[in-house]
Amino acid sequence: MALIQLRKVVKTYTRGGETLRVLDQLDLDMEAGGFYALMGPSGSGKTTLLNLIGGLDRADEGQIVIDGEDIAAMRGPELAEWRAEKVGFVFQGFNLIPVLTAQENVELPLLLTKLSRSQRREHAQTALELVGLGDRRTHRPSQLSGGQEQRVAIARALVSDPMLVLADEPTGDLDRKSADDVLRLLRQLNEQYQKTILMVTHDMAAAQQAKTIVHMDKGRLGSIEQLR
Amino acid sequence: MPPLQLVWRNLLKRKTRFVLTTLSLAIAVFLLCVLQSLVVALNAGVKAAAVNRLIVQSKVSLFVYLPQSYGPKIEQVEGVESVMRWNWFGGYYQDPSNFFAQFACDQEKLRAIYPEIEVIDGAWEDFLTDRKACLVGEATANKYGLRVGDNFPIIGALFPKTDGTTWDFRIAAIYKSTKKNVDDATLFFHYKYLEQALESGEGSGPEGVGIFVVQTAPGADNTEVMSRIDALFEQGPQAVQSTTEAEFQAQFVSMIGNVPLFVSSIGGGVMVAILLAALNTMLMAAREQTRDVGVLKALGFGDAVVGNMLLMQSLAMCLTGGLLGIALAVGSEEPMSKMLGTVFPGYEVTQGTLLTAALVVVGIGFLAGIGPALRARSMSVIAALRRTG
Ligand SMILES: Nc1ncnc2c1ncn2[C@@H]1O[C@H](COP(=O)(O)OP(=O)(O)O)[C@@H](O)[C@H]1O
Ligand SMILES: [Mg+2]
């Protein structure tokens, strides 16, 4: 059975009295251990899809079954707990907390676990070292470059050891070199740590790092390319 | 519980704004404490009033004098232990701005009727012996650097000397009051001195007695004694009104207008102003932290926890300012009380005042924070994250 199963998922937005069907009866299966790149024109519903899979937003209709659980049926607090346990997010705009240091940002998800203070510190350090920022622990986001910020965000996404990492245009704001660093890390997460990754991207070079490319247009799935 | 670093660091992130808001909170809370302490001072006399003392005054007004002959008659009334004449002298020392109260009274009765007056320097006996002897409160003595044995010339305003000279007093003793109904600023002197000066034409001014202070006998029913005294003079020549000491003191408080109402209106205005200042700061802080709210929720923090992050910021900010204001009020109690000294005796920052201020501070912290907190609580993750573009 696929790790992620979407069945007849419908998502609509109403704006100015007009109803917009952003996702239209969407079916999609994604396998555990996969690295998926989601591509498509702007406004085609990629972010919406990612948000539904990550439990940040709710579908109007349909089923979203992840690892055997139908998250569309979960209540708010239950869904928040599920997110904390199962999903790591990487955003285009990094979304680090400006007043916290790199270390504290990475520790944040661990505050929701039963780990002790020293365990949290240790885990966060390990995660920061993994992304190559072991020497930037005490830096604030404003003292880091965009590429470094995104690497801290990746450390934050993986520190609680989630099974699924969702990245929405993670390289969209980065230069080529920083983007490559980030992509290398995501690939490492997938290959070395068996994380299932779903990454929205516009960048063909970025998409080439994935194992599978899913094309999307106007709320429907298009072709699926198997790269590796 | 939200991560506490987030509470403090977000507050301190905008240092200038934090300092300005905290200072305005501190000043406002300080003002609230001062206003409340002034009301306490005004009411102190009422609270500390003795139960066995009555005041007999003209029914018309406090400023209408009573005949000298009333004293012996009141003394005959059942339940009356002793009667003392008491006149407002209304003079000043050197300059009219040097204000403190002076009273002419029957000096030999003062000690028994007012046991709260305790001589701390000099001797009661000395005060009783000579006509020009006076008893001066510690605050006034300290203010003008006077000691026992010093001369204390007072210029009569209500009772001017005909030759334009001063009334000469000799300080026989200095007192301190053990209760709030008598302040530590007053000068007491012999009624006889005033009476004889008026008779001889040495001085001029209203004749008659300002008020009679009546001490009731142990076990006597004050209400009955008061109605007996009032009945005695109902047919004139001057109708009187007897009151308890507490009512008499309260009448002074209300003479300045409805002070508590006035003060609560000002206090209310001050509170609304600080609430608005705190609210403004919290609304700005909440807007700046919208993205943080989205991030925390995405990471799995609960809605209530995220809301509390903002509520706690508001409470922390208001408590910081409030405690500073309270500290200012406590620290300034001595100097304030000295400054108000003889004009406004009894200034005291009570525990009740501090508790009220603390409650106000917490209330304002809650009111300023609850709106942003609820908004953060109910905001969806994607709405909060989208704010940043
Ligand atoms: N909260 C919202 N309210 C109304 N319309 C929205 C909202 N979020 C997204 N949309 C609309 O839904 C469509 C798909 O958006 P999105 O999933 O962000 O697209 P993509 O990420 O592929 O560019 C767009 O037309 C967008 O304007
Ligand atoms: Mg998008």
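Throughout, protein chains are lettered first and strands after them, A, B, ... in sequence-line order, and every chain is numbered starting at 1.
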Margin query: Nearest 0.5 angstrom please: A:D57 CG to B:I382 CD1, how far?
Written below: 3.5 Å
Testing the basics here: between [X] and [Y], what is the closest heavy-atom pair and its distance to 0.1 Å?
X      : Y      : value
B:A298 : A:F91  : CB-CZ, 4.2 Å
A:P98  : B:D292 : CD-OD1, 3.5 Å
A:T101 : B:R9   : N-NH1, 4.2 Å
A:L112 : B:G300 : CD1-C, 3.5 Å

Checking heavy atoms, do the side chain of [X], its backbone, both or neither come under 4.5 Å from chain B?
X      : answer
A:L111 : side chain
A:Q92  : neither
A:R58  : neither

Next item on the list: Considering only heavy atoms and a distance below 4.5 Å, find which of A:G54, A:A80, A:G76 pairs most often with chain B.
Entry: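 Among the listed options, the one with the most contacts to chain B is A:A80.
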Next item on the list: Please determine which of A:T47, A:N95, A:D168 meets the side chain to side chain contact (heavy atoms under 4.5 Å, CB included) test together with B:L385.
Entry: A:N95
Count the heavy atoms belonging to other residues, nucleotides or ligands that lie under 6.0 Å from [atom1] of [X], then report whether that count exceeds 12.
X      : atom1 : result
B:E288 : CD    : yes
B:E333 : CD    : yes
A:R21  : CZ    : yes
A:K218 : NZ    : no

Next item on the list: Please look at B:L296 and chain A and tell me whether the side chain, the backbone, both or neither of the residue comes under 4.5 angstrom of a heavy atom of that chain.
Entry: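 Just its side chain gets close to chain A.
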Checklist line | Audit row: B:Q5, A:I97, side chain to side chain contact (heavy atoms under 4.5 Å, CB included) steps and yes/no | finding: CA-CA 11 Å; B:Q5 313 117 304; A:I97 307 258; over 6 Å; no
